[in-house]
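Right, one structure below, let's go through it.
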Amino acid sequence: MTRFAYVNGRYETQRSASVSIEDRGYQFADGVYEVIALWNSCPIDLLGHMDRLERSMAEVKFPNPPSRTALKVIAQELVRLNRMGTGILYVQINRGAAPRNHPFPGDHINCSVVMTVRHGLGPSATEFQDGVGLKVEEDLRWLRRDIKTIGLLPNVLTKQAAKSVGAFEALLVNPDGTVTEASTANIWLVGADGILVTRPLGPEVLGGITRARVMALAKDAGRKVREATFTLDEVLSAREVFLTGTTTFVLPVSKIDETLISNGYPGEVACDLRDRYLTFLNSHNKETSWYVG
Ligand code: PLP
(Lines give C-alpha, C1' and ligand atoms only; values in the text may rest on other atoms or scores of the structure.)
Protein backbone atom coordinates (compact mmCIF):
# COMPACT_ATOMS: atom_id res chain seq x y z
CA MET A 1 0.00 0.00 0.00
CA THR A 2 1.26 3.47 -0.87
CA ARG A 3 2.33 5.41 2.20
CA PHE A 4 1.81 9.15 2.43
CA ALA A 5 4.01 11.64 4.22
CA TYR A 6 3.56 15.32 5.01
CA VAL A 7 6.41 17.63 4.02
CA ASN A 8 6.25 21.41 4.38
CA GLY A 9 2.63 21.95 3.38
CA ARG A 10 2.14 18.96 1.05
CA TYR A 11 0.94 15.39 1.40
CA GLU A 12 3.10 13.26 -0.87
CA THR A 13 3.86 9.62 -1.36
CA GLN A 14 6.64 8.63 0.99
CA ARG A 15 8.77 7.62 -2.01
CA SER A 16 8.63 11.03 -3.65
CA ALA A 17 8.77 13.14 -0.47
CA SER A 18 12.04 15.02 0.05
CA VAL A 19 13.56 17.98 1.87
CA SER A 20 16.16 20.55 0.85
CA ILE A 21 19.85 19.66 1.25
CA GLU A 22 20.13 23.06 2.96
CA ASP A 23 17.66 22.05 5.64
CA ARG A 24 19.35 22.70 8.98
CA GLY A 25 18.15 19.36 10.25
CA TYR A 26 20.32 17.73 7.61
CA GLN A 27 23.23 20.16 8.05
CA PHE A 28 23.38 20.56 11.83
CA ALA A 29 20.84 18.17 13.39
CA ASP A 30 19.07 21.47 14.18
CA GLY A 31 15.69 19.92 14.79
CA VAL A 32 13.42 18.25 17.33
CA TYR A 33 10.98 15.38 17.04
CA GLU A 34 8.29 13.22 18.64
CA VAL A 35 7.28 9.61 18.18
CA ILE A 36 3.62 9.13 19.05
CA ALA A 37 1.93 5.75 19.34
CA LEU A 38 -1.26 5.13 17.36
CA TRP A 39 -3.48 2.44 18.83
CA ASN A 40 -6.69 1.54 17.01
CA SER A 41 -6.35 4.86 15.15
CA CYS A 42 -6.08 6.80 18.44
CA PRO A 43 -2.97 8.81 19.36
CA ILE A 44 -1.71 7.87 22.82
CA ASP A 45 -0.95 10.67 25.29
CA LEU A 46 -1.08 13.25 22.49
CA LEU A 47 -1.33 16.13 24.95
CA GLY A 48 1.89 15.09 26.69
CA HIS A 49 3.71 14.73 23.38
CA MET A 50 2.52 18.18 22.24
CA ASP A 51 3.64 19.72 25.54
CA ARG A 52 7.08 18.15 25.21
CA LEU A 53 7.40 19.14 21.54
CA GLU A 54 6.55 22.76 22.34
CA ARG A 55 9.06 22.71 25.17
CA SER A 56 11.76 21.26 22.88
CA MET A 57 11.09 23.94 20.25
CA ALA A 58 11.26 26.67 22.91
CA GLU A 59 14.50 25.28 24.39
CA VAL A 60 16.23 25.37 20.98
CA LYS A 61 14.70 28.80 20.27
CA PHE A 62 12.71 28.24 17.10
CA PRO A 63 11.30 31.69 16.22
CA ASN A 64 8.12 30.52 14.42
CA PRO A 65 7.13 27.13 15.80
CA PRO A 66 4.01 25.59 14.26
CA SER A 67 0.96 25.57 16.52
CA ARG A 68 -0.24 22.37 18.14
CA THR A 69 -3.61 22.80 16.46
CA ALA A 70 -1.97 22.95 13.02
CA LEU A 71 0.11 19.86 13.86
CA LYS A 72 -2.97 18.00 15.05
CA VAL A 73 -4.85 18.72 11.80
CA ILE A 74 -1.90 17.43 9.75
CA ALA A 75 -1.61 14.32 11.92
CA GLN A 76 -5.32 13.56 11.60
CA GLU A 77 -5.14 13.85 7.81
CA LEU A 78 -2.08 11.60 7.68
CA VAL A 79 -3.78 8.96 9.82
CA ARG A 80 -6.79 9.11 7.50
CA LEU A 81 -4.77 8.99 4.26
CA ASN A 82 -2.70 6.03 5.48
CA ARG A 83 -5.67 4.21 7.07
CA MET A 84 -3.62 3.93 10.24
CA GLY A 85 -4.75 1.51 12.90
CA THR A 86 -1.82 0.66 15.15
CA GLY A 87 1.63 2.08 14.51
CA ILE A 88 3.61 5.24 15.04
CA LEU A 89 3.32 8.84 13.99
CA TYR A 90 6.70 10.54 13.56
CA VAL A 91 6.85 14.34 13.75
CA GLN A 92 10.06 16.21 12.96
CA ILE A 93 10.44 19.97 13.06
CA ASN A 94 13.68 21.59 11.94
CA ARG A 95 14.79 25.23 12.06
CA GLY A 96 14.29 25.45 8.29
CA ALA A 97 16.39 25.63 5.12
CA ALA A 98 19.05 28.31 4.66
CA PRO A 99 22.63 28.58 3.32
CA ARG A 100 24.93 26.69 5.69
CA ASN A 101 26.07 28.97 8.49
CA HIS A 102 26.08 28.13 12.21
CA PRO A 103 24.13 31.13 13.62
CA PHE A 104 20.34 31.10 13.33
CA PRO A 105 19.26 32.14 9.82
CA GLY A 106 16.75 34.76 11.00
CA ASP A 107 13.09 34.99 11.85
CA HIS A 108 11.98 35.12 8.19
CA ILE A 109 12.88 31.42 7.76
CA ASN A 110 10.02 29.06 8.53
CA CYS A 111 10.53 25.79 10.36
CA SER A 112 10.35 22.71 8.20
CA VAL A 113 7.73 20.20 9.26
CA VAL A 114 7.76 16.54 8.30
CA MET A 115 5.33 13.85 9.45
CA THR A 116 5.36 10.19 8.58
CA VAL A 117 3.60 7.07 9.82
CA ARG A 118 4.60 3.44 10.14
CA HIS A 119 2.36 0.45 10.70
CA GLY A 120 3.05 -1.86 13.64
CA LEU A 121 3.98 -1.07 17.22
CA GLY A 122 5.32 -2.57 20.40
CA PRO A 123 7.63 -5.38 21.48
CA SER A 124 7.18 -8.91 20.18
CA ALA A 125 5.14 -11.41 22.19
CA THR A 126 8.37 -13.20 23.18
CA GLU A 127 10.03 -9.99 24.38
CA PHE A 128 6.92 -9.14 26.38
CA GLN A 129 6.68 -12.58 27.97
CA ASP A 130 10.34 -13.45 28.53
CA GLY A 131 11.78 -10.00 29.13
CA VAL A 132 14.76 -8.56 27.28
CA GLY A 133 18.51 -8.26 27.71
CA LEU A 134 20.47 -5.00 28.05
CA LYS A 135 24.10 -4.21 27.30
CA VAL A 136 25.89 -1.72 29.54
CA GLU A 137 27.34 1.22 27.61
CA GLU A 138 28.86 4.56 28.57
CA ASP A 139 26.41 7.45 28.13
CA LEU A 140 28.11 9.49 25.41
CA ARG A 141 25.41 12.12 24.91
CA TRP A 142 25.43 15.89 25.36
CA LEU A 143 24.32 17.63 28.56
CA ARG A 144 20.74 18.51 27.48
CA ARG A 145 19.18 15.08 27.09
CA ASP A 146 15.84 16.51 28.23
CA ILE A 147 15.44 18.13 24.79
CA LYS A 148 14.19 15.62 22.23
CA THR A 149 16.54 16.61 19.41
CA ILE A 150 17.27 14.71 16.24
CA GLY A 151 20.99 14.62 17.16
CA LEU A 152 20.85 10.93 17.98
CA LEU A 153 24.25 9.57 16.96
CA PRO A 154 25.22 8.44 20.50
CA ASN A 155 21.83 6.72 20.80
CA VAL A 156 22.39 5.03 17.43
CA LEU A 157 25.90 3.86 18.36
CA THR A 158 24.92 2.47 21.74
CA LYS A 159 21.78 0.78 20.41
CA GLN A 160 23.87 -0.83 17.67
CA ALA A 161 26.43 -1.97 20.25
CA ALA A 162 23.58 -3.67 22.11
CA LYS A 163 22.16 -5.22 18.97
CA SER A 164 25.57 -6.57 17.94
CA VAL A 165 25.61 -8.83 21.02
CA GLY A 166 21.94 -9.79 20.75
CA ALA A 167 20.72 -7.41 23.47
CA PHE A 168 17.51 -5.42 23.08
CA GLU A 169 18.78 -2.12 24.43
CA ALA A 170 21.81 -0.29 25.77
CA LEU A 171 21.79 0.61 29.46
CA LEU A 172 23.52 3.99 29.61
CA VAL A 173 25.85 4.81 32.49
CA ASN A 174 27.34 8.24 33.21
CA PRO A 175 31.08 8.58 33.94
CA ASP A 176 30.10 9.10 37.62
CA GLY A 177 28.70 5.55 37.69
CA THR A 178 25.02 6.50 37.84
CA VAL A 179 22.57 5.00 35.39
CA THR A 180 20.66 7.45 33.20
CA GLU A 181 18.29 5.58 30.88
CA ALA A 182 18.36 3.32 27.82
CA SER A 183 19.10 4.57 24.31
CA THR A 184 15.39 4.80 23.44
CA ALA A 185 13.58 4.24 26.74
CA ASN A 186 13.55 5.16 30.43
CA ILE A 187 14.74 2.66 33.02
CA TRP A 188 13.14 1.65 36.30
CA LEU A 189 14.06 -0.71 39.09
CA VAL A 190 12.14 -2.29 41.92
CA GLY A 191 14.19 -2.38 45.12
CA ALA A 192 14.19 -5.03 47.87
CA ASP A 193 11.60 -2.87 49.71
CA GLY A 194 9.25 -3.13 46.70
CA ILE A 195 9.52 0.59 45.92
CA LEU A 196 9.80 1.58 42.26
CA VAL A 197 12.72 3.85 41.46
CA THR A 198 13.44 5.89 38.35
CA ARG A 199 15.84 8.75 37.73
CA PRO A 200 14.45 12.24 38.48
CA LEU A 201 13.68 14.56 35.57
CA GLY A 202 16.47 16.96 34.67
CA PRO A 203 19.00 17.58 31.90
CA GLU A 204 20.46 14.06 32.13
CA VAL A 205 17.41 12.13 30.90
CA LEU A 206 14.53 12.54 28.51
CA GLY A 207 11.25 13.14 30.34
CA GLY A 208 9.46 10.14 28.86
CA ILE A 209 5.73 10.47 28.24
CA THR A 210 5.38 6.76 29.03
CA ARG A 211 7.45 7.26 32.20
CA ALA A 212 4.94 9.85 33.41
CA ARG A 213 1.98 7.66 32.46
CA VAL A 214 3.40 4.54 34.13
CA MET A 215 4.21 6.55 37.25
CA ALA A 216 0.56 7.62 37.45
CA LEU A 217 -0.67 4.05 36.80
CA ALA A 218 1.67 2.67 39.49
CA LYS A 219 0.51 5.23 42.05
CA ASP A 220 -3.15 4.53 41.17
CA ALA A 221 -2.41 0.87 41.87
CA GLY A 222 -1.12 1.81 45.33
CA ARG A 223 2.57 1.37 44.57
CA LYS A 224 5.24 3.65 45.96
CA VAL A 225 7.48 5.44 43.45
CA ARG A 226 10.71 7.22 44.29
CA GLU A 227 12.57 9.49 41.86
CA ALA A 228 16.26 9.07 42.67
CA THR A 229 19.60 8.48 41.00
CA PHE A 230 21.02 4.97 41.23
CA THR A 231 24.22 3.14 40.30
CA LEU A 232 24.81 0.22 38.00
CA ASP A 233 25.40 -2.02 41.04
CA GLU A 234 21.97 -1.10 42.37
CA VAL A 235 20.38 -2.00 39.03
CA LEU A 236 22.24 -5.32 38.88
CA SER A 237 21.07 -6.28 42.36
CA ALA A 238 17.50 -4.96 41.97
CA ARG A 239 14.54 -7.24 42.51
CA GLU A 240 13.19 -6.20 39.10
CA VAL A 241 14.18 -3.93 36.23
CA PHE A 242 11.99 -2.67 33.40
CA LEU A 243 11.92 -0.15 30.55
CA THR A 244 9.22 2.32 29.56
CA GLY A 245 8.81 4.07 26.21
CA THR A 246 6.36 4.85 23.44
CA THR A 247 7.46 1.86 21.38
CA THR A 248 8.48 -0.45 24.24
CA PHE A 249 5.44 0.17 26.49
CA VAL A 250 6.41 -1.47 29.83
CA LEU A 251 9.05 -4.06 29.05
CA PRO A 252 10.57 -6.36 31.69
CA VAL A 253 14.36 -6.76 31.71
CA SER A 254 15.62 -10.27 32.47
CA LYS A 255 19.36 -9.89 31.86
CA ILE A 256 21.99 -7.13 31.92
CA ASP A 257 25.26 -8.17 30.28
CA GLU A 258 25.82 -11.57 31.95
CA THR A 259 23.79 -10.87 35.10
CA LEU A 260 20.33 -12.39 35.37
CA ILE A 261 17.65 -10.08 36.81
CA SER A 262 14.83 -11.69 38.85
CA ASN A 263 16.46 -15.05 38.12
CA GLY A 264 16.09 -14.36 34.42
CA TYR A 265 12.30 -14.00 34.42
CA PRO A 266 10.02 -10.96 34.10
CA GLY A 267 9.17 -9.61 37.55
CA GLU A 268 5.71 -9.47 39.05
CA VAL A 269 5.57 -5.66 39.32
CA ALA A 270 6.76 -5.18 35.73
CA CYS A 271 4.16 -7.65 34.45
CA ASP A 272 1.40 -5.95 36.42
CA LEU A 273 2.36 -2.52 35.05
CA ARG A 274 2.72 -3.94 31.55
CA ASP A 275 -0.87 -5.20 31.76
CA ARG A 276 -2.14 -1.94 33.24
CA TYR A 277 -0.47 -0.03 30.43
CA LEU A 278 -2.19 -2.25 27.83
CA THR A 279 -5.52 -1.58 29.54
CA PHE A 280 -4.70 2.15 29.38
CA LEU A 281 -3.99 1.86 25.62
CA ASN A 282 -7.30 0.10 25.09
CA SER A 283 -9.19 2.81 26.99
CA HIS A 284 -8.60 5.41 24.26
CA ASN A 285 -11.37 6.54 21.95
CA LYS A 286 -11.38 8.66 18.80
CA GLU A 287 -13.53 11.40 20.35
CA THR A 288 -11.17 12.34 23.18
CA SER A 289 -7.70 11.11 22.20
CA TRP A 290 -7.08 13.98 19.74
CA TYR A 291 -7.47 16.61 22.44
CA VAL A 292 -4.42 18.92 22.48
CA GLY A 293 -5.56 21.57 24.95
N1 PLP B 1 14.67 8.10 26.68
C2 PLP B 1 15.12 8.23 25.42
C3 PLP B 1 16.56 8.53 25.19
C4 PLP B 1 14.24 8.08 24.33
O5 PLP B 1 14.69 8.23 23.08
C6 PLP B 1 12.89 7.77 24.59
C7 PLP B 1 11.95 7.60 23.49
O8 PLP B 1 12.28 7.65 22.34
C9 PLP B 1 12.48 7.63 25.92
C10 PLP B 1 13.39 7.81 26.95
C11 PLP B 1 11.05 7.29 26.24
O12 PLP B 1 10.24 8.42 26.02
P13 PLP B 1 8.72 8.24 25.64
O14 PLP B 1 8.09 7.48 26.74
O15 PLP B 1 8.22 9.65 25.56
O16 PLP B 1 8.68 7.53 24.34
Side-chain angles (χ1 to χ4, degrees), residues 29 31-39 43-57 59 86-93 116 118 121-123 132 134-163 167-174 178-189 196-218 225 227 229-230 235 241-251 253 270 273-274 276-278 280-281 284 292:
V32 298
Y33 76 107
E34 284 295 324
V35 176
I36 302 164
L38 295 165
W39 188 259
I44 304 303
D45 271 327
L46 184 60
L47 190 58
H49 284 281
M50 286 293 183
D51 286 347
R52 186 171 66 186
L53 183 59
E54 274 183 0
R55 178 179 183 276
S56 294
M57 291 192 288
E59 290 292 326
T86 292
I88 59 164
L89 172 69
Y90 176 77
V91 182
Q92 183 175 326
I93 307 184
T116 56
R118 199 172 71 199
L121 174 69
V132 295
L134 309 182
K135 179 179 192 308
V136 176
E137 284 287 309
E138 185 180 351
D139 197 337
L140 301 169
R141 298 172 299 162
W142 74 327
L143 301 177
R144 289 302 309 276
R145 302 158 189 166
D146 55 315
I147 307 173
K148 198 164 169 67
T149 84
I150 60 170
L152 290 172
L153 194 51
N155 306 59
V156 168
L157 293 175
T158 49
K159 184 95 175 189
Q160 178 59 33
K163 191 179 168 198
F168 178 83
E169 254 292 9
L171 177 63
L172 303 180
V173 182
N174 266 345
T178 61
V179 170
T180 54
E181 54 188 332
S183 74
T184 64
N186 291 111
I187 183 110
W188 298 64
L189 60 83
L196 280 74
V197 190
T198 192
R199 193 164 177 125
L201 296 182
E204 299 202 289
V205 290
L206 183 72
I209 305 303
T210 322
R211 173 190 179 281
R213 177 59 60 192
V214 169
M215 194 175 289
L217 292 173
V225 179
E227 293 178 81
T229 54
F230 43 84
V235 181
V241 178
F242 62 91
L243 301 171
T244 58
T246 296
T247 57
T248 42
F249 304 167
V250 177
L251 190 56
V253 172
L273 291 172
R274 178 194 65 193
R276 286 175 193 274
Y277 191 74
L278 287 174
F280 161 75
L281 291 179
H284 283 68
V292 290

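Note: hydrogens, waters and symmetry copies are ignored here, and every other heavy atom, side chains too, is used. Everything numeric in this text was worked out from a predicted model, so none of it was measured. Just follow the structure's listing: the first ligand is 1, and inside any ligand the first atom is 1.
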- Query: In the protein, what heavy atom is nearest to atom 16 (O) of ligand 1, and what distance, to one decimal place, separates them?
  - Reply: Thr246 OG1, 2.6 Å

- Message: Looking at ligand 1, is there an atom of it that comes within less than 4.0 Å of some heavy atom belonging to Lys148?
- Response: yes

- Query: Polar-atom distance check: Ile209 versus ligand 1, any N or O pair below 3.5 Å?
  - Reply: yes

- Note on the structure: Taken in chain and number order and not counting sequence neighbours, the residues that satisfy side chain to side chain donor-acceptor pair (under 3.5 Å) with Arg141 are Asp139, Glu181

- Query: Between Asn155 and ligand 1, is there a nitrogen or oxygen pair with a distance under 3.5 Å?
  - Reply: no

- Query: Quick one: nearest non-hydrogen protein atom to atom 1 (N) of ligand 1, plus distance?
  - Reply: Glu181 OE1, 2.6 Å

- Task: Taking only heavy atoms of Gly245 into account, list the atoms of ligand 1 that are under 4.0 Å away from them.
- Result: 11 (C), 14 (O), 16 (O)

- Is His49 in polar range of ligand 1, meaning some N or O pair under 3.5 Å apart? no

- Query: Where is the nearest protein heavy atom to atom 7 (C) of ligand 1: which residue, which atom, and how far?
  - Reply: Thr184 O, 3.4 Å

- Classify the angle between the aromatic ring planes of Phe242 and Trp188 as parallel (below 30°), tilted (30 to 60°) or perpendicular (above 60°). parallel

- Between OH of Tyr33 and CG of Leu53, what distance do you get to the nearest 0.5 Å? 11.5 Å

- Query: Going through the checks in order, is the side chain to side chain contact (heavy atoms under 4.5 Å, CB included) test met by Val179 and Leu171?
  - Reply: CA-CA 7 Å; Val179 170; Leu171 177 63; 3.6 Å; yes

- Report the nearest protein non-hydrogen atom to atom 11 (C) of ligand 1: residue, atom name, distance rounded to 0.1 Å. Asn186 OD1, 3.8 Å

- atom 12 (O) of ligand 1 [closest protein heavy-atom partner, distance rounded to 0.1 Å]: Gly208 CA, 3.4 Å

- What is the closest protein heavy atom to atom 14 (O) of ligand 1, and at what distance does it sit? Thr210 OG1, 2.6 Å

- Relative to ligand 1, is Arg141 under 4.0 angstrom through side chain, backbone, both or neither, heavy atoms considered? side chain

- Message: Under the criterion salt bridge (charged side-chain N to carboxylate O under 4.0 Å, His left out), I'd like the reasoning laid out for Glu169 against Lys159: C-alpha separation, chi angles, the key distance, then a yes or no.
- Response: CA-CA 6 Å; Glu169 254 292 9; Lys159 184 95 175 189; 3.3 Å; yes

- Note on the structure: CG (Asn174) and CD (Glu204) are apart, to the nearest 0.5 Å, by 4.5 Å

- Query: Hey, what do you get for CG (Leu46) to CD1 (Ile209), rounding to the nearest 0.5 Å?
  - Reply: 10.0 Å

- Which one holds for Arg52 and ligand 1: side chain close, backbone close, both close, or neither close, with close meaning a heavy atom under 4.0 Å? side chain

- Sorted by chain and residue number, the side-chain contact (heavy atoms from CB on, under 4.5 Å) partners of Glu137 (sequence neighbours excluded) come out as Lys135, Thr158, Ala161, Ala170, Leu172

- Any idea how Phe280 and His284 line up, ring-wise: parallel (<30°), tilted (30 to 60°), or perpendicular (>60°)? perpendicular

- Output the distance between atom CG (Leu140) and atom OG (Ser183), rounded to the nearest 0.5 Å. 11.0 Å

- Task: Could you establish whether Ala182 and ligand 1 come within less than 4.0 Å of each other, counting only heavy atoms on the residue side?
- Result: yes

- Query: Ala212: heavy atom below 4.0 Å from ligand 1, yes or no?
  - Reply: no

- At what distance is the nearest protein heavy atom to atom 3 (C) of ligand 1, and which residue and atom is it? Ser183 O, 3.5 Å

